Protein chains: 2
Amino acid sequence: MSDLLERLRGRGWRMTAQRRVVAEVLDGDHVHLTADEVHARAVAKLPEISRATVYNTLGELVALGEVLEVATDRRAKRYDPNAHRPHQHLVCARCGAIRDVHPSGNPLADLPASERFGFTVEGVEVTYRGVCPNCAAA
Amino acid sequence: MSDLLERLRGRGWRMTAQRRVVAEVLDGDHVHLTADEVHARAVAKLPEISRATVYNTLGELVALGEVLEVATDRRAKRYDPNAHRPHQHLVCARCGAIRDVHPSGNPLADLPASERFGFTVEGVEVTYRGVCPNCAAA
DNA sequence: TGCTTGACTTAGACAAAGTCCATTGTAGGA
DNA sequence: TCCTACAATGGACTTTGTCTAAGTCAAGCA
């Protein structure tokens, strides 16, 4: 987990208590947290941290490629620390639970040139939607 | 275009001026409008229509399957009247322009059972991201 | 160790998108 | 035509996120 902190320091990050706490929250927990949840957990470790700092720090982590932004619903963005292995998401339509999944195949290859309309296509996001076992049982 | 109105009436929709106007806005224009843009166009036809009504009506159209919600960015949801032909979206990372595209292949089939974690998978959304010709030229 | 500096943090105001609710209006059936 | 349940209104409210001006502090340097 200090891997992440090391990498950040290596990139010239000025290391502050706030940034360390945000990085630790994400690094210690491989789930998909909203900015607000990150803030709540950060506050538990460092009560005086502000919302703006959490947003700033998350934005910086995303820009550095250490964390992915995931927008699976209309509500809050979520932050996915699993940025180093390409993956897609499977979302429960009822409770919003998110799992990382690794489909076979390459969806980029499925878009023929005739369907690209002159765009330079750079990436693709795939979101599978369904109902998780818990919700199905209930 | 009265097709849509007919279908809605057949489903027991109470036809009001407001609903007709919202349906016409979407039906007449095969682009991807935000709720606010729909409201603006509806106001042009019926000045006293309220924002809440536009949201309600869009929500009902989505529930009836006549219109798709598209959440391609963190900002406003967009509404896609092209609900009857399955398709995916290609989004410009700079200007936000959206094109409907029809990839070959079936991404649902690319998710093996071992990657479904007990979920009942019901659908999949694919969003291609790139740069449109206009933005690339600029 | 103790300055200095500019990057970082803070609190709170602000903005955008959307929801809620009490009241008022009206479509469509009797 | 009258009723009544369903729909519309508008304004307050919520959620998520951004911005800014002022204060703070990490890290390099003497």
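Residue numbering restarts at 1 for every chain, and letters A, B, ... go by the order of the sequence lines. Owing to the predicted nature of the structure, the values given are computational and were not obtained by experimental measurement.
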Presence of donor-acceptor pair under 3.5 Å, side chain of A:R14 and base of D:dC25: yes
Length of the [atom1]-[atom2] vector between [X] and [N], whole Å:
| X | N | atom1 | atom2 | answer |
| --- | --- | --- | --- | --- |
| B:I49 | C:dG25 | CD1 | C1' | 14 Å |
| B:L33 | C:dA17 | CG | C1' | 16 Å |
| B:M15 | C:dG29 | CE | C1' | 17 Å |
| B:E37 | C:dA17 | CD | P | 10 Å |
| A:L5 | D:dA26 | CG | P | 15 Å |
| B:L8 | C:dA27 | CG | C1' | 16 Å |
| A:W13 | C:dT9 | CH2 | P | 8 Å |
| A:L46 | C:dA11 | CG | P | 11 Å |

Nearest of [options] to any side-chain atom of [X]?
| X | options | result |
| --- | --- | --- |
| B:K77 | C:dG18, C:dT10, D:dA8 | C:dG18 |
| B:N56 | D:dT16, C:dG18, D:dT9 | D:dT9 |
| A:T53 | D:dT16, D:dG17, C:dT10 | C:dT10 |

CZ (A:R11) with more than 12 external heavy atoms under 6.0 Å: yes
- prompt: Contact class for A:A52 vs. all strands (heavy atom < 4.0 Å): base, sugar-phosphate, or nothing?
  reply: base
query: What is the nucleic acid contact for A:T16, judged by heavy atoms within less than 4.0 Å: base, sugar-phosphate only, or nothing?
result: sugar-phosphate
Is the phosphate of [N] approached by [X] (side-chain N or O, under 4.0 Å from OP1 or OP2)?
| X | N | answer |
| --- | --- | --- |
| A:R51 | C:dA11 | no |
| B:Q18 | C:dT26 | no |
| B:S50 | D:dA8 | no |
| A:Y55 | D:dG17 | yes |

statement: Between A:R19 and the options A:E60, A:E66, A:E24, the salt bridge (Lys or Arg N to Asp or Glu O under 4.0 Å) test singles out A:E60
B:D100 CG to B:Q88 CD distance, which is reported to the nearest 0.5 Å: 9.5 Å
Side chain to side chain, A:V38 and A:T57, heavy atoms closer than 4.5 Å: no
message: Using 30° and 60° as the class boundaries, would you call the ring planes of B:H89 and B:H32 parallel, tilted or perpendicular?
response: perpendicular
- line: Ranking B:T34 and A:R19 by the position along DNA chain C of their nearest nucleotide, the one closer to 5' is A:R19
